[in-house]
Colleague: 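Take this structure, written in structure tokens, and hold onto it; I'll ask about it next.
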Amino acid sequence: MNREPLVFVGTSDLAGLVRGKGFPAAELPRRMRRGVGLTHSNIMMSAFGPIYETPFGTEGDLVLMPDPTTKVEVGFDDAAERFYLADILTTDGDHWECCPRHFLRRALTALNDLDTQAGLSLLAAFEQEFVYTGVEDRPGATYALDAHRRQGTFGESYMAALRAAGLTPDSFLPEYGARQYEVTIDPTRGLRAADEAVIQREMARAVAHRLGNRAIFAPILDPDGVGNGTHIHFSLRDGADRPVFHDPARPYGLTPIGEHFVAGLLYHLPVLTAITAPSAVSYYRLRPNRWAPTWANIGVQDRGASIRVCPIFGKDGAAQQFNVEFRVADAAASPYLALGALVWAGVDGIRQRRPLPAPPERNFWEMSEAERQAAGVRALPRSLCQALDGLAASEAAREWFGELFFDVYLRFKRAELRAVDGRSETATCARYAEIY
Ligand code: GLU
Ligand code: MG
């Protein structure tokens, strides 16, 4: 049978799913100039498919404009994966105010344009956990060579696909949860870091699909199990591309600029959760004793903290290596929104010169809940509903989004919550696992 290559153009939307449209590859030159048509309500497509509500109705036209730097062309035995990630523009060619990718771009511009220090840029790497369905769940397989072996050719095909897509894989390993694996890619700059996080997920799904299996990135599959985190490692560079995050002589090993940036995250953390852990099941993951955060806290080399100051290995290149990890994200969040929220909060921290609390004198986990609260540490929201109420009350977040996008995001997420209302935790997990 004859075949003609197809290309897909899409964006990681409010549900954190890549949605868009396809066309024959022969049309690519024209599509790179003109884009692909879309309507405003496309952004209101829920995680589960239907548009539950929309302020936009059925009218209006927008443009999905592929960014040539995001090209993915990876050969498989059947159809190749050919896609581009895109910005959502108005028909006049302006960035649409509800475009997730532009939310991040605006945050990065604000970081770059700070009065106190111009030219700052962000370096970030995503560490993503997922469940691979091509292995059986065996007791004792956590981190095991046996679990590494039993995924068969998936891991090697996945690494090859990532590299063919232009990414540099750093690690691939069996994780702590049942059938769970983790993949990390090298750090890269700003917008590209989020593009790569999207491609990293899609390549896992693409390879698993070819093997007749699935890579499931849902935040958690079993309410009593271990969740799938998306951990975001980040640091800052100055205008001359020098690392400006690390000072070994200061608390947490952070320079003043690093301290303010991270303090901004800590300050806004309960609110950020509504953007970075944005599904009903995200909050089943953020529970004690599963290496996922439960408090809006910072810890040095602590995998239970929301913000973890990562170690430096060896004696060389400390400033280059030094980074901080944000652990309150999962794959229900579009990487554009999660990274964008993180940068907006950090920018606010620098603008307001926010300080970090002095490192606690006692081990955080040995303190009672009352002692933690007395020390000014807040618990993370316990549900998406609680997180969204916090977001709705945040004037800062309203400014990051802009009036229309803020309203759209809150409506979108509240409708998602209503769609799973009344289901048991197990049934809700199953619903999300079908999608992500
Ligand atoms: N699975 C944990 C999470 O949900 C993280 C485990 C780890 O530290 O790698 O965030
Ligand atoms: Mg992990």
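Just so you know, ligand 1 is whichever comes first in the structure, and atom 1 is the first atom listed for that ligand.
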Colleague: Out of all atoms in ligand 1, which are within 4.0 Å of some heavy atom of E182? Include the element for each.
Modeller: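 By the 4.0 Å cutoff, the relevant atoms are 9 (O).
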Colleague: Considering E325, E129, R308, R303, which one's heavy-atom position lies nearest to atom 6 (C) of ligand 1?
Modeller: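 Of the listed residues, E129 has the closest heavy atom.
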Colleague: Considering all heavy atoms of both residues, which atom of V309 and which atom of Y252 are nearest to each other, and what is their separation?
Modeller: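 Closest pair (atom of V309, atom of Y252, distance): CG1-O, 3.5 Å.
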Colleague: I'd like to check which ligand 1 atoms, numbered from 1 as shown, lie under 4.0 Å from a non-hydrogen atom of W291.
Modeller: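 Counting atoms of ligand 1 from 1, those under 4.0 Å from W291 are 2 (C), 3 (C), 5 (C), 6 (C), 7 (C), 8 (O), 10 (O).
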Colleague: If we check side chain to side chain contact (heavy atoms under 4.5 Å, CB included) with F126, which of these qualifies: Q200, H231, H233, E196?
Modeller: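 Answer after filtering Q200, H231, H233, E196: Q200.
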Colleague: Hey, is CG on N289 packed in by over 12 heavy atoms from elsewhere, all under 6.0 Å?
Modeller: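 No, the 6.0 Å shell around CG holds no more than 12 heavy atoms from other groups.
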Colleague: Do R189 and S121 have a side chain donor and acceptor closer than 3.5 Å?
Modeller: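 Side-chain D/A pair, R189 to S121: present.
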Colleague: Is the ring pair F401/F406 parallel, tilted or perpendicular, if the boundaries are 30 and 60 degrees?
Modeller: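 Judged by the thresholds at 30° and 60°, the geometry between F401 and F406 is tilted.
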Colleague: I want to know if ligand 1 touches R290 in the polar sense, i.e. an N/O pair below 3.5 angstrom.
Modeller: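 Not met; the criterion fails.
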Colleague: Does any N or O in the side chain of Q321 come within less than 3.5 Å of the main-chain N or O of D316, such that one atom is a donor and the other an acceptor?
Modeller: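 Such a contact is found between Q321 side chain and D316 backbone.
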Colleague: Could you check atom 8 (O) of ligand 1 against the protein and tell me its nearest heavy-atom contact, residue, atom and distance included?
Modeller: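 The closest heavy atom on the protein side is R327 NH2, 2.7 Å.
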Colleague: Under 3.5 Å, side chain of S282 to main-chain N/O of S279, donor-acceptor pair present?
Modeller: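 Confirmed, S282 side chain pairs with S279 backbone.
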Colleague: Which ligand 1 atoms are under 4.0 Å away from a heavy-atom of V226?
Modeller: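 Once the distances to V226 are compared, the set is 1 (N).
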Colleague: Checking the N or O distance criterion of under 3.5 Å, is ligand 1 in contact with H231?
Modeller: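 Looking only at distances, the answer is yes, because the N/O contact criterion of under 3.5 Å is met.
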Colleague: How far apart are the C-alpha atoms of W400 and D348, what are their side-chain angles, what is the distance that settles it, and do they pass the side chain to side chain donor-acceptor pair (under 3.5 Å) test?
Modeller: CA-CA 10 Å; W400 305 341; D348 173 75; 5.8 Å; no
Colleague: Would you say the side-chain atoms of N228 pair up with the backbone N or O of I216, donor to acceptor, closer than 3.5 Å?
Modeller: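 Yes; judged by distance alone, with no hydrogens or angles, the pair exists.
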Colleague: Parallel, tilted or perpendicular, judged at 30° and 60°: which one describes the rings of Y143 and W291?
Modeller: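 Rings of Y143 and W291: tilted, as their planes differ by 30° to 60°.
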Colleague: G227 heavy atoms, cut-off 4.0 Å: which ligand 1 atoms fall inside?
Modeller: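 It comes down to these atoms of ligand 1: 1 (N), 4 (O).
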Colleague: Can you sort out which atoms of ligand 1 are near G229, meaning under 4.0 Å from one of its heavy atoms?
Modeller: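 Close to G229: 3 (C), 4 (O), 10 (O).
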Colleague: Within the distance-only criterion (no hydrogens, no angle test), does the side chain of E416 pair as donor or acceptor with the backbone N or O of A47 below 3.5 angstrom?
Modeller: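 Here the side-chain-to-backbone pair does not exist.
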Colleague: Below 3.5 angstrom, do we get any N/O pair linking E175 and ligand 1?
Modeller: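 By distance alone, the answer is yes.
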Colleague: Going by the order shown, which atoms of ligand 1 are within less than 4.0 Å of some heavy atom of R285?
Modeller: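 Those of ligand 1 that fall under 4.0 Å from R285 are 3 (C), 4 (O), 10 (O).
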Colleague: With a cut-off of 2.8 Å, which protein N/O/S atoms are close to the Mg ion (ligand 2), if we only count those under it?
Modeller: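 Less than 2.8 Å away from the Mg ion (ligand 2) sit E129 OE2, E175 OE2, E182 OE1.
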